[in-house]
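What follows is a single structure, written as structure tokens, with notes after it.
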Amino acid sequence: IELVADEDRDLVLTTRNEVIRRGDSATLELRLKSTDGGVRWVRVHVKPRRPGTSPAVIIGASLIDEEVRQRTLLARSEEHYRRLAENASDLVYEIDQDGLITWIAPSVRTVLDREPELLVGTPSIDLVVEEDHDKVYAVRRQVEAEGVAAPYELRVRTRGGGMHWMRLHAKSGSGGASPGLVIGGSVIDEEIRERQRRADSEEHFRMLAENASDVVVRISADGKLEWI
């Protein structure tokens with residue numbers, strides 16, 4: 001028992017007693033102390049001695065350091081993407097250093113009417129209307145230089161040829177061998193429409209002030225009377 005890490009000793013003792021009491025085998029994973037002060041993960045198989053002998057158990061073990069490491073990495077990755085999805089209002093995705101989508105939240109089905117599985121591995125720039133491509137490249141340069149970019153607004157394309165305005169946030173990704181960007185944000189179509197209405201209204205009253213007289217009219221580009 002002295003070889004077992006302190007945190008796992010109760011588990012070992014409980015398992016041993018249960019195997020002796022019930023006569024059934026058991027398998028558990030635990031940490032053994034190593035000579036360098038660290039620990040090694042092992043999978044231990046415990047079985048009772050044959051009937052008629054004194055109460056005792058037979059133990060066999062195999063090293064599982066790499067298996068545990070891979071499980072830990074997977075769990076961290078799943079948690080990483082779970083947090084991304086939970087903290088994005090409408091859409092979140094991750095791209096690699098080449099701009100290819102490596103992961104995208106299932107909400108893309110609702111926002112853009114696109115299937116996430118079909119988007120993975122495709123250029124993220126394809127989601128953006130062409131007129132806003134320069135803005136995307138500028139954001140990438142800012143993240144490369146500073147680790148994060150100021151919130152920005154652009155237009156993204158739906159599968160049916162429509163468009164949504166979005167306010168997005170970009171920051172450095174999870175790192176590792178292929179660092180990229182994490183991008184998330186919200187649809188702001190109504191906000192953009194309200195801004196345009198307000199801008200039109202302000203322009204309308206500015207024109208009134210500049211052209212104050214007994215009669216003021218507004219005429220469209222094609223010569224039609226819009227307001228009087």
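Starting from 1, each residue takes its place in the sequence as its number. All figures in this text were calculated on a predicted structure; none of them were measured in a lab.
- The backbone N or O of Arg31 sits less than 3.5 Å from a side-chain atom of Asp8, completing a donor-acceptor pair.
- Between Leu28 and Leu11 the shortest side-chain heavy-atom distance falls below 4.5 Å.
- Taking CG from Leu181 and CD from Gln142, the interatomic distance works out to 10.5 Å, rounded to the nearest 0.5 Å.
- The shortest distance between side-chain heavy atoms of Glu94 and Ile183 does not fall below 4.5 Å.
- Salt bridge present: Arg109 and Glu117 bring a charged side-chain N and a carboxylate O closer than 4.0 Å.
- A 4.5 Å side-chain heavy-atom check between Arg69 and Asp65 finds every atom pair outside the cut-off.
- Contact check for Val92 versus Val182: side-chain heavy atoms found under the 4.5 Å cut-off.
- Hydrophobic clustering, with ILVMFWY side chains joined whenever heavy atoms are under 4.5 angstrom apart, keeps Val156 apart from Trp165.
- Heavy atoms only, all atoms of each residue included: Ala105 and Pro116 are closest at O-CB, 4.4 Å.
- Expressed to the nearest 0.5 Å, how far CZ of Arg40 lies from CD1 of Ile64 amounts to 11.0 Å.
- The environment of NZ in Lys135 is crowded: more than 12 heavy-atom neighbours from other residues, nucleotides or ligands sit within 6.0 Å.
- Between the side chain of Asp96 and the backbone N or O of Gly180 there is no donor-acceptor pair closer than 3.5 Å.
- The minimum heavy-atom distance between Ala170 and Val148, with the atom names listed, is O-CG2, 3.4 Å.
- Residue Val111 comes nearest to Asp90 through the heavy atom pair CG2-O, 3.4 Å, listed as atom of the first residue, atom of the second, then distance.
- Within the model, atoms CZ of Arg21 and CG of Asn17 stand 9.5 Å from one another, a figure rounded to the nearest 0.5 Å.
- Transitive grouping of hydrophobic side chains (ILVMFWY, heavy atoms separated by less than 4.5 Å) brings Leu63 and Val12 into a common cluster.
- Applying the salt bridge (Lys or Arg N to Asp or Glu O under 4.0 Å) rule to Glu146 yields no partners; only residues at least two apart in sequence or on another chain are considered.
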Test side-chain contact (heavy atoms from CB on, under 4.5 Å) applied to Ile188 and His164, step by step = CA-CA 8 Å; Ile188 57 170; His164 287 304; over 6 Å; no
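- Ion pair Arg195/Glu191 flagged as a salt bridge, since at least one NZ, NE, NH1 or NH2 atom sits closer than 4.0 Å to an Asp/Glu carboxylate oxygen.
- Between Ile192 and Glu153 there is a side-chain heavy-atom pair separated by less than 4.5 Å.
- Residues passing the side-chain contact (heavy atoms from CB on, under 4.5 Å) test with Arg114, sequence neighbours excluded: Val108, Leu112, Leu119, Leu127, Arg157, Arg159.
- With rounding to the nearest 0.5 angstrom, the CZ atom of Arg71 is 7.5 Å from the CH2 atom of Trp41.
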Show your reasoning for whether side-chain contact (heavy atoms from CB on, under 4.5 Å) applies to Val143 and Lys171. CA-CA 6 Å; Val143 173; Lys171 63 179 181 178; 5.5 Å; no
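- In this view, Asp6 and Arg9, Lys33 satisfy the side-chain contact (heavy atoms from CB on, under 4.5 Å) rule, not counting sequence neighbours.
- The shortest side-chain heavy-atom distance between Leu168 and Leu91 does not fall under the 4.5 Å cut-off.
- Using modelled atom types, one side-chain atom of Asp132 and one backbone atom of Arg155 make a donor-acceptor pair closer than 3.5 Å.
- Between Gly23 and Pro48, the shortest heavy-atom contact is O-CG, 3.4 Å.
- Shortest non-hydrogen contact noted between Thr15 and Ala26 is CG2-CB, 3.8 Å.
- Proximity of Glu29 to Glu67: side-chain heavy atoms (C-beta onward) are separated by under 4.5 Å at one or more points.
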- request: Apply the test side-chain contact (heavy atoms from CB on, under 4.5 Å) to residues Val42 and Leu30: give CA-CA distance (whole Å), side-chain angles for both, the deciding distance (0.1 Å), then the verdict.
  value: CA-CA 6 Å; Val42 295; Leu30 53 85; 3.6 Å; yes
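- Heavy atoms of other residues, nucleotides or ligands lying less than 6.0 angstrom from CD of Glu66 number more than 12.
- Proximity of a side-chain donor or acceptor of Ser124 to a complementary backbone N or O of Leu100 within less than 3.5 Å is not detected.
- Among all heavy-atom pairs drawn from His45 and Thr27, the shortest one is ND1-OG1, 3.2 Å.
- Leu32 is not listed as a side-chain neighbour of Val39, based on a closest heavy-atom distance of 4.5 Å or more.
- Residue Glu131 holds its CD atom at 11.5 Å from CG of Leu154, rounded to the nearest 0.5 Å.
- The CD1 atom of Ile101 sits 4.5 Å away from the CD1 atom of Ile104 when rounded to the nearest 0.5 Å.
- Both Tyr137 and Tyr93 are part of a single hydrophobic cluster, where members link through side-chain heavy atoms under 4.5 Å apart.
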